[in-house]
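Since the structure comes first, as structure tokens, the remarks are kept for the end.
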Amino acid sequence: MWLIWGGFVFLCVFNFLPAAVAYVNNHPDKHLLAVLNVVSLFSFALWIALMAWAATGRTDHPMIRRFVGTPQKRARLVGSVSALVVAGFAGTAWSMNLF
């Protein structure tokens with residue numbers, strides 16, 4: 001039983017590592033990183049991208065500014081990433097004949 005709880009705690013801490021790094025480094029987009037970090041529970045590729053973004057602390061890169069320049073773009077980014085993750089899960093479940 002302790003092994004299950006220990007594994008659960010480890011996975012939670014490991015998953016929210018990008019948000020923690022962003023908060024410790026006082027990243028300008030730390031709140032957006034934290035919101036997207038919740039979605040990364042379902043996508044390891046997203047977790048890697050968030051970790052790289054949190055660790056570099058850069059917000060001046062043109063690709064980042066393209067997607068998170070305004071509050072409307074930030075909300076659209078969260079919605080788009082969430083939709084892609086859900087679509088990926090649905091496609092995987094359908095291909096495995098779980099529906």
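Scope of the values below: all heavy atoms of this structure, side chains included, with no hydrogens, waters or symmetry mates.
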Minimal non-hydrogen separation, [X] against [Y], with atom names:
| X | Y | answer |
| --- | --- | --- |
| S82 | V39 | OG-CG2, 3.5 Å |
| W47 | F14 | NE1-O, 3.2 Å |
| A22 | L33 | CB-CD1, 3.5 Å |

Using the test side chain to side chain contact (heavy atoms under 4.5 Å, CB included), find all partners of [X] that sit at least two apart in sequence or belong to another chain.
| X | answer |
| --- | --- |
| A19 | A34, N37 |
| V86 | none |
| V35 | V78 |
| S80 | R76 |

- Task: Among residues two or more places apart or on two chains, list those pairs meeting side-chain hydrogen bond (donor to acceptor under 3.5 Å, both in side chains) that have a residue in residues 7-24.
- Result: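 Residue pairs passing side-chain hydrogen bond (donor to acceptor under 3.5 Å, both in side chains), neighbours aside: N15-S40, Y23-H31.
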If you group Ile, Leu, Val, Met, Phe, Trp and Tyr by side-chain heavy-atom gaps below 4.5 Å, do [X] and [Y] land in one group?
| X | Y | value |
| --- | --- | --- |
| F8 | W2 | no |
| F16 | V85 | no |
| M51 | I48 | yes |

- Main-chain N/O of P18 paired with W53 side-chain donor or acceptor, under 3.5 Å: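 No: the side chain of W53 does not pair with the backbone of P18.
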- Query: Given the rule in the side chain to side chain contact (heavy atoms under 4.5 Å, CB included) test, do L77 and L36 qualify, once you have shown the distances and angles that lead to the verdict?
  - Reply: CA-CA 9 Å; L77 176 66; L36 289 171; 3.9 Å; yes
- Interatomic distance, L50 atom CG to L32 atom CG [nearest 0.5 angstrom]: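 Spacing of CG (L50) from CG (L32) equals 8.5 Å.
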- Side-chain hydrophobic cluster, 4.5 Å single linkage: members besides I4: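 Its cluster partners, ordered by chain and number, are none at all.
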